[in-house]
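Down below is the structure, laid out as structure tokens.
Counting convention: from 1, in listed order, for ligands and their atoms alike.
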Amino acid sequence: MVLERRTEKVKPPQMHQVLMLNDDYTPMEFVVVVIQEFFSKDRETATQIMLKIHLDGKAVCGVYSKDVAATKVDQVLEAAKQSGHPLQCVSEPIG
Ligand code: TYC
């Protein structure tokens with residue numbers, strides 16, 4: 001039925017959360033700057049997220065469409081690689 005197809009079409013896209021993972025080597029300051037730069041957080045918020053990762057092992061840095069989340073992961077991993085840090089970042093569907 002046409003009406004059902006229309007309803008399907010306007011479903012919001014599945015959102016994906018980008019998580020950053022803790023490690024023992026990446027400097028805290030580097031993580032704060034990365035969160036500020038790629039996840040558009042102010043310094044205070046970025047610092048809180050970094051500390052949560054440090055204490056809990058991981059934390060959500062942002063929630064995006066699948067494509068944007070994948071781009072964020074790429075940007076973080078590229079910045080980490082360029083700087084020689086082992087920082088890890090993943091994205092996963094929410095719910
Ligand atoms: N645990 C790191 C340290 O003590 C800091 C850190 C925080 C590393 C968050 C990664 O995603 C991370 N230097």
Side-chain angles (χ1 to χ4, degrees):
M1 187 181 162
V2 171
L3 192 61
E4 282 173 10
R5 274 222 329 265
R6 277 181 69 88
T7 310
E8 280 275 307
K9 265 189 192 168
V10 296
K11 257 198 324 194
Q14 164 81 68
M15 299 303 275
H16 291 246
Q17 57 189 11
V18 178
L19 295 137
M20 219 175 293
L21 312 182
N22 190 36
D23 66 71
D24 292 338
Y25 305 104
T26 304
M28 290 183 174
E29 175 62 21
F30 181 82
V31 178
V32 171
V33 170
V34 161
I35 295 171
Q36 281 184 263
E37 187 165 328
F38 297 123
F39 299 94
S40 305
K41 307 296 186 197
D42 61 32
R43 189 165 175 88
E44 198 179 310
T45 304
T47 302
Q48 284 169 2
I49 294 171
M50 182 280 294
L51 285 174
K52 183 171 168 56
I53 302 165
H54 180 72
L55 294 172
D56 295 352
K58 62 184 176 183
V60 176
C61 294
V63 173
Y64 307 95
S65 66
K66 186 177 184 179
D67 284 3
V68 174
T71 300
K72 301 285 177 192
V73 171
D74 286 350
Q75 288 173 324
V76 171
L77 295 181
E78 185 58 27
K81 192 174 156 189
Q82 289 294 322
S83 305
H85 300 310
L87 181 62
Q88 288 300 303
C89 184
V90 297
S91 74
E92 63 183 31
I94 299 173

Could you find the nearest protein heavy atom to [atom] and give me its residue, atom name and distance?
atom: atom 9 (C) of ligand 1; value: I53 CG2, 3.5 Å
atom: atom 2 (C) of ligand 1; value: D23 O, 3.2 Å
atom: atom 4 (O) of ligand 1; value: H54 CE1, 3.1 Å
atom: atom 6 (C) of ligand 1; value: N22 OD1, 3.4 Å
atom: atom 13 (N) of ligand 1; value: T26 O, 3.0 Å

### Task
Using a strict cut-off of 4.0 Å, indicate which atoms of ligand 1 neighbour a heavy atom of L87.
10 (C), 11 (O), 12 (C)

### Query
What atoms in ligand 1 come closer than 4.0 Å to a heavy atom of L21?
10 (C), 11 (O), 12 (C)

#### Entry: Min side-chain heavy-atom separation Q17-Y64 under 4.5 Å
no

### Query
Does a sphere of radius 6.0 Å around CD in E92 hold more than 12 heavy atoms from other residues, nucleotides or ligands, not counting ones at 6.0 Å or beyond?
yes

### Query
Does R43 pair with E37 as a salt bridge, N-O distance under 4.0 Å?
no

### Query
Step by step, would you call H16 with V63 a side chain to side chain contact (heavy atoms under 4.5 Å, CB included)?
CA-CA 6 Å; H16 291 246; V63 173; over 6 Å; no

### Task
Measure from the side-chain N and O atoms of K72 to the backbone N and O of F38, and report whether any donor-acceptor pair falls under 3.5 Å.
yes

### Common cluster, V33/L21, ILVMFWY with side-chain heavy-atom separation under 4.5 Å
no

